[in-house]
Amino acid sequence: MFATTQRSHLCGALRLSDAGTAVTLGGWVHRSRNLGGLVFIDLRDREGLLQVNFGPDWAGADVIAAAAAVGVESVVIIEGTVMPRPAEMRNADLATGEVEVQATSIRVVGPAVTPALPVARGKNDKLPAEELRLRHRYLDLRRPELQANLMLRHRLLQVTRRFLSDRGFLELETPILTKPTPEGARDYLVPSRVHPGEFYALPQSPQIYKQLFMCCGFDRYFQLARCFRDEDLRQDRQPEFTQIDIEASFIGREDIMALSEELVACIWREAGHEVAAPFQRMSYADCMERYGCDRPDLRYGLEVHDFTASFATLDFGVTRSVIDAGGRVRGIRVPGGAAWSRKQVDELEGLAKSAGAGGLLRVKKAEGKLEGPVAKFLTPEAEEALALADGDLALLVAATDRISSPALDRVRQECARRLGLVDEHARHFLWVTDFPMFDKDPVTGALAAVHHPFTAANADDVAQYPDAPEKWRALAYDCVLNGLELGGGSIRTSDPRVQSRMFTLLGIGDEAEQERRFGFLLEGLRAGAPPHGGIAFGFDRMSMLLSGGTSLRDVIAFPKTTAARALFENAPTTVPAADLAELNIRSTVDGE
RNA sequence: GGGGGCGUAGCUCAGCUUGGUUAGAGCACUCGACUGUCACUCGAGAGGUCGCGGGUUCGAGCCCCGUCGCUCCCGCCA
């Protein structure tokens, strides 16, 4: 398949069964070893490494001299014969290690300057600084690890396309130049030359377009969609990213969740992992109650418990005042935590405080005795509720749930890490369902969409609490793996009047304002919209997990730094004033 | 927008605690030797704006202030 007019095989593909074959190979000089009369070159292509041998019995002196002179990372084309290696000279570390090619000619077709970064690395060599790897990305991407990552990414893209296409989903493209939506994340804006003073935005997601496809009757859509958000970056967040975007008509939650489980299993299988479906499900309320988090890592326990009832009678000021004010006392039991030093527990308290808690109450049981600031106040009922075994440590937060949940989440995760409870090979998939529709700002009372403004509400909740939207649950669902959000979606509002009411509840302007900003969606819905819904998966994150990496930058060919800068091509950059003038734009930055 | 870490040869790092002659090592590079290596080995050599700017000092890679870059985290990410 890879044979061309210039080469016959891929270097890394040759095996013992190819012995005796005359080959012409093109590749990069990974490393070379010059033993005097004998020269070895490890030739590399995307398939792997191959040892090429230049010896006087089959190659002329001029060929050997040329092989000895070629620098690493140069591109060469060699001719020769595949030979089995003598048993004692085989290399078990190399897929091609049972053979070598005895070369009769070498031609340097792409001489390389001395590389700024090493591509061939020793077993214990550290990677160069990421800044340098990004600046010299053309070299970094030659590394077998990154080649493997991008080739895996390709396979995951293809298997996703095949899976969805086979099920009748149409791959439809949506615009990259779109309308600014001043909700949610910041948009990347693109000035219009033709229309002075007006701007496009790059899409944060194809959300509205895919809903319009449903209105058009393309009842199953998908796209491997590039999305853009002008927010600050993280290890797992890039300003442009790829999502598997799916939408379908005449479906409910169960349809989307079943389809998604199949898709995820298919993708994981492509990477060599079997996934058990159906996935566990848990309501948002249960997640928050038991784990303090809407995407819990279920590879370990350390569940959060409520001790409010048994602490209500305690004559202890801290818990007393919180409970009287409507708060709760919640916490986790840490087996073996009693052995931790004061300093170690203080560090945990630091985590809780950084998450907003006032402090972390500790009770430990050592040699049958309870210890800690609250110990002497404990009633027999409270002791029984804590249910500490010898060596256990209880870590409690007395506060409103809004404060205690994130604090206990942080503490729980750190305790699991310290206790070695996190099984790196385990995969615990989870559906989180029944999110609230709205998040109510505790200060202003304003409602904000937890998912997005197009999500449909649970009809029973709307009927039961018509005037208390903060009690409505959304028909939304998140797919979680080991505490990471893989994707999320919802059933959408397909009634334009209901959609308009949602905008009103969210404080998105009057009717005229709604028409101006979201009219193109409302018009589509009014023209006859089927019930529909969908989901989007973070494809980069999936690729990262399946390639075994921890940074999105290792599965994206040309990523941005955390300062949202491209170091290789050096973007963004200033442009000549004349270019700005043509766009009717003037920079306010000094010195421009 | 805020906080932490890092920045010394092409690469990875030591040196900084306690300021003091000519800033070191490994790899890579150049030259030489070597016919079975596979991180070849051996010998020799070259290679430095100690991120940048300012300050303290008789003297700064080292101390202080500022700044830039990368990175991790918080905010943010409907």
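Here is how names work: the chains are called A, B, and so on, in the same order as the sequence lines, proteins then strands, and each is numbered from 1.
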Any-strand Watson-Crick or G-U partner of B:rC29, both distances under 3.5 Å: B:rG45
With sequence neighbours excluded, residues passing side chain to side chain contact (heavy atoms under 4.5 Å, CB included) with A:Glu88: A:Pro86
Sequence-aligned protein contact record of nucleotides 2-11 of chain B, with B where the base is within under 4.0 Å of a protein heavy atom and S where only the sugar-phosphate is: --------SS
Considering all heavy atoms, the nearest A:Leu552-A:Arg237 contact: CD2-N, 3.5 Å
Contact nearer the 5' end of RNA chain B, comparing A:Ser551 with A:Gln102: A:Gln102
Rounded distance in Å between the P positions of B:rA9 and B:rG48: 11 Å
Same-atom distance (C1') from B:rC11 to B:rU17, integer angstrom: 28 Å
Interatomic distance where CE belongs to A:Met89 and P belongs to B:rC38 [whole Å]: 12 Å
OP1 or OP2 of B:rC70 under 4.0 Å from side-chain N/O of A:Thr562: no
Proximity to the side chain of A:Leu38 - top-ranked nucleotide from B:rA39, B:rG36, B:rC38: B:rG36
Nearest-Å distance for atom pair CZ/P, residues A:Phe54 and B:rC38: 18 Å
Strictly under 3.5 Å: I want the nitrogen or oxygen pairs between protein and nucleotides 32-34 of chain B, one per line.
from, atom 1, to, atom 2, distance (Å)
B:rC34, N3, A:Asn34, O, 3.1
B:rC34, N3, A:Gly36, N, 3.4

Test ring-ring contact (aromatic ring centres under 6.0 Å, His included) applied to A:Tyr284 - qualifying residues, sequence neighbours left out: A:Phe435
G-U wobble or Watson-Crick pairing nucleotide for B:rA9 (cut-off 3.5 Å, both distances): none
Residue pair A:Gln147 / A:Arg44, side-chain donor-acceptor N/O under 3.5 Å: no
Sequence-distant partners of A:Tyr291, ring-ring contact (aromatic ring centres under 6.0 Å, His included), two or more places apart: none
Where protein sits on nucleotides 73-78 of chain B, one letter per nucleotide: B base, S sugar-phosphate only, - none, heavy atoms under 4.0 Å: SBBBBB
Rounded interatomic separation in angstrom, taking CZ from A:Arg33 and C1' from B:rA28: 16 Å
Length of the CE-P vector between A:Met83 and B:rG36, whole Å: 18 Å
